[in-house]
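Read the structure below first, then the notes.
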Amino acid sequence: MCGIMGYVGPRQASPILLQGLRRLEYRGYDSAGIAVSDGGNMTILKAAGKLDQLEAVVAGAEPPGNLGIGHTRWATHGPPTDLNAHPHTDSTDEFAVVHNGIIENFHQLKEELMAAGKTMVSDTDTEVLVHLISDEYEGDLAAAVRKAVARATGAYALVAVTVHEPDTLVAVRMISPLVVGIGDGEMYLASGIPALLDHTRQVVVLEDGEMVTINPGRVVLETLQGDPIDREPAEIDWDVEQAEKGGYPHFMLKEIFEQSQVAADCVLGRLDGSSVTLEDVEWPRGFVEELDKVWITACGTAFHAGLVGKELFEGLLRVPTEAVYAHELRYRDPILEPGSLTVALSQSGETADTLAAARLLQDRGSRLLAVTNVVGSALTHYADDVIYTRAGPEIAVASTKAYLAMLVSQYLLALDLGHRRGALDQARALEVGGALAKLPAQLEEVLKREDGVEDVAQLLAGHDDIYFIGRGLDYAVATEGSLKLKEISYLHSEAMPAGELKHGTLALITEGTPVVVVNTQQHVYDKTTSALQEVKARGAMVIGVAYDDDTEIEAYTDHLLRIPRTLDLLSPVLSIVPLQLLAYHVADHRGLDIDQPRNLAKSVTVE
Ligand code: F6R
């Protein structure tokens, strides 16, 4: 989720690059850099931190040149430092590359390049690309890029330049977005339309597997195999704010719709059949075999992801697991045996309570694994191991895609640990791995059903109290569905295990009270259905979240939000999506400030 900007034309490149990066800052903002070529030389300027830092560096020494590329980074490999900031160059400084996304086989490529005598100066996956391109260069940048990307696998967008071709930008799109802006005798390239709107409204959007060679007066679009593509420019009529939201009315909705890609990115290069590779996790010898307790700690939405984790670790590893709110845990006196693992979940990696609870357990001898979306965040400094969730910057205060990425990260972790401990036989591991790999396509399917959710949302928007119930993993999802609703719609909502209703809350269920039931877990299906009958008998309006092929539930529900069938173990990844959409549309009907709900902040760095 980094931002890329490129320019070639008669004007000085650097102010145009900086202006474009400013428009793309919403895509990533932990470091930035530009490369500008004046024909003979290329100047590279970079700075860790927000774009202001780079602007301060450029202000004193604006590099001359009419061609350039720029980048604002959201780190995926390596912390946000000057060295890891883009553009990256080869050892001769004659080639430069900016890149967004993940090169899946970069470890292997890095080893090959180092064995061939190359020196790598950064921790990034990008640096291998620029070395590959310079190695392949024989007087034609487009040909060199084509050969280099044939060796790389992953999901990415890149732009390359060289001093040898001072009016040429070459770019490739492999899943991550790239758009060419057509000017009058000048051309632009960006990872998002907002960066182009100050200059042009004529754009050519690249599709996956396409490559473009750009000169001031010419755009050549081809497949990676070299077949020409003829595509007319499109006219964009969005304003900048609409463009930042990708045409969605709110960041929250955009982020909900990114979740299929987020699930795919999270497993990219990490899951092969049933085998899992977690690049920043290194288990000490014997640790996994002797693991006898898992602690999960987090706050809010991240804690709800942890409730799913608890069921997973107990189910797949058969290791006792406790999920505890970080703000409770940090003031408790937890009893730790040797051989425990703490999984601290935090989108921001900066939540004060989560940091404190994680450190308390670590100080008492637990190994600490951080699951976070922010490379280099405070939590990662203390953690022994890290799983980056790769969801990209989450702008809406209400977390959606980061939650989903935490779920997927925990499935990977559970699969890895279960395998290593021998708690999972090969057939089960393959079944779970196979179902995980299918989730991105199934998420696409769920997202297509937004209209049905919107109809139900209309019915809920006028109610005051809404209940969410479920059992086991369905209960974990109910907690998050309820939180999403209350934080953005300001309606009162409660989640509880379905079996708990009759112990008190049933007294609140009267004619028309909305009750949302998540019912995907077959081993407790009938039990949850009994709870449904109890609320139905009191006149509740029941909204079910159920598998497509579950016809039985129709008798007990008034409205249904359907999801494709998956393993019951994985259903939270799918069943949360209609609930996120429900919360969104209820808040939208109520005309509320969805991206910035009252009294809340994105990152809670105080106690
Ligand atoms: C709700 C939400 C919060 C956060 C919580 C922890 O939508 O986003 O409940 O989940 O404040 O934040 P992180 O994950 O950054 O530790």
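Order of appearance sets the numbers: ligands from 1, and atoms from 1 within every ligand. Worth knowing before you read on, the calculation uses all heavy atoms, side chains too, and leaves out hydrogens, waters and symmetry mates.
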For atom 14 (O) of ligand 1, closest protein heavy-atom neighbour: Gln347 N, 2.6 Å
Of all the non-hydrogen atoms in the protein, which one sits nearest to atom 15 (O) of ligand 1, and at what distance? Ser348 OG, 2.6 Å
May I ask you to identify the nearest protein heavy atom to atom 11 (O) of ligand 1, giving residue, atom name and distance to one decimal place in Å? Val604 CG2, 4.1 Å
Is the closest heavy atom of Val397 to ligand 1 under 4.0 Å? yes
To which protein heavy atom is atom 6 (C) of ligand 1 closest, and what is the distance rounded to 0.1 Å? Cys299 O, 3.4 Å
Numbering as shown, the atoms of ligand 1 that approach Lys484 to under 4.0 Å (heavy-atom distance): 1 (C), 7 (O)
What protein heavy atom is closest to atom 4 (C) of ligand 1, reported as residue, atom name and distance in Å? Thr301 N, 4.0 Å
Exam field: side chain Asp384 to backbone Arg367, donor-acceptor pair closer than 3.5 Å: no
Any donor-acceptor N or O pair under 3.5 Å, side chains Glu394, Ser399: yes
Check: Glu255/His250 side-chain N/O donor and acceptor closer than 3.5 Å: no
Where is the nearest protein heavy atom to atom 12 (O) of ligand 1: which residue, which atom, and how far? Thr351 OG1, 3.4 Å
What residue among Val262, Leu268, Asn373 forms side chain to side chain contact (heavy atoms under 4.5 Å, CB included) with Arg390? Leu268
Less than 3.5 Å apart, any donor N or O on the side chain of Ser366 or Ser340 sitting next to an acceptor on the other? yes
Near Ala302, which atoms of ligand 1 are under 4.0 Å from a heavy atom of that residue? 10 (O), 14 (O)
Is there a heavy atom in His304 that sits closer than 4.0 Å to ligand 1? no
Taking atom 7 (O) of ligand 1 as the reference point, the nearest protein heavy atom with its distance: Glu487 OE2, 2.7 Å
With a 3.5 Å cut-off and no angle check, do the side chains of Trp74 and Asn100 form a donor-acceptor pair? no
So do Ile103 and Thr126 actually touch side chain to side chain, heavy atoms under 4.5 Å? no
